[in-house]
Trainee: 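Pasting a structure below so you can have a look.
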Amino acid sequence: MADRRLQVFHAVAKHLSFTKAAEALFMSQPAVTSQIRQFEEHLNTRLFDRGQGRITLTAAGQVALDYAERILALSEEMETRVGELTGAVSGPLQLGASTTIAEFVLPRI
């Protein structure tokens, strides 16, 4: 639910690569670059230093990353809590079973 630009910024900041972030987000690299440009314009500052094929976070970028992590965590927590209240809980489910049950009972379920 968090702003897509924030999610894209977080991915780029974590990977320190526009290309790797694009792959992780299933987006094109130009789309990621555009989202970052829009986010930087919105904040009226540069978030990354770009040069010689590498990127690093600026001081403003580091501050933005700290807030992005908190905002994204709170957004996920909100979705989980509201889902619990409405009965719409979703997510991965891991099951453990013996070989016999795993081979013969679980496939039918």
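Computed from heavy atoms alone, side chains included, the values below leave out hydrogens, waters and symmetry copies.
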Trainee: What donor-acceptor contacts under 3.5 angstrom involve side-chain atoms of residues 11-20, with partners at least two apart or in another chain?
Mentor:
residue, atom, partner, partner atom, Å
Lys14, NZ, Glu69, OE2, 2.7
Ser17, OG, Thr19, N, 3.3
Ser17, OG, Lys20, N, 3.0

Trainee: Is it true that Arg70 and Glu76 have a side-chain N and a carboxylate O under 4.0 angstrom from each other?
Mentor: no
Trainee: How long is the span from the CG atom in Leu72 to the CZ atom in Phe9, to the nearest 0.5 Å?
Mentor: 10.0 Å
Trainee: Between CG of Asp3 and CZ of Phe39, what distance do you get to the nearest 0.5 Å?
Mentor: 7.0 Å
Trainee: Give the intermediate values and the outcome of side-chain contact (heavy atoms from CB on, under 4.5 Å) for residues Gln7 and Arg4.
Mentor: CA-CA 5 Å; Gln7 293 170 335; Arg4 185 66 172 163; 3.2 Å; yes
Trainee: Have Thr33 and Gln29 got a donor and an acceptor in their side chains that come within less than 3.5 Å?
Mentor: yes
Trainee: Test of understanding: with salt bridge (charged side-chain N to carboxylate O under 4.0 Å, His left out), list the residues that count as partners of Arg54, not counting sequence neighbours.
Mentor: none
Trainee: Mind checking side-chain contact (heavy atoms from CB on, under 4.5 Å) for Asp66 and listing every partner two or more places apart, or none if nothing turns up?
Mentor: Gln62
Trainee: Are Arg81 and Glu84 within salt-bridge range, i.e. N to O under 4.0 Å?
Mentor: yes
Trainee: Within the structure provided, determine whether Leu47 and Ile36 are in side-chain contact (heavy-atom separation under 4.5 Å).
Mentor: no
Trainee: Is there a side-chain contact between Phe48 and Leu57 in this structure, where contact means two heavy atoms from C-beta onward sitting under 4.5 Å apart?
Mentor: yes
Trainee: Identify the residue among Glu40, Gln38, Arg37 that makes a side-chain contact (heavy atoms from CB on, under 4.5 Å) with Arg5.
Mentor: Gln38
Trainee: I need the minimum non-hydrogen distance between Thr58 and Arg46, along with the two atoms involved.
Mentor: OG1-O, 2.9 Å
Trainee: Start with the C-alpha distance between Asp49 and Ile55, add both sets of side-chain angles, then the distance that settles side-chain contact (heavy atoms from CB on, under 4.5 Å), and finish with yes or no.
Mentor: CA-CA 5 Å; Asp49 284 324; Ile55 64 170; over 6 Å; no
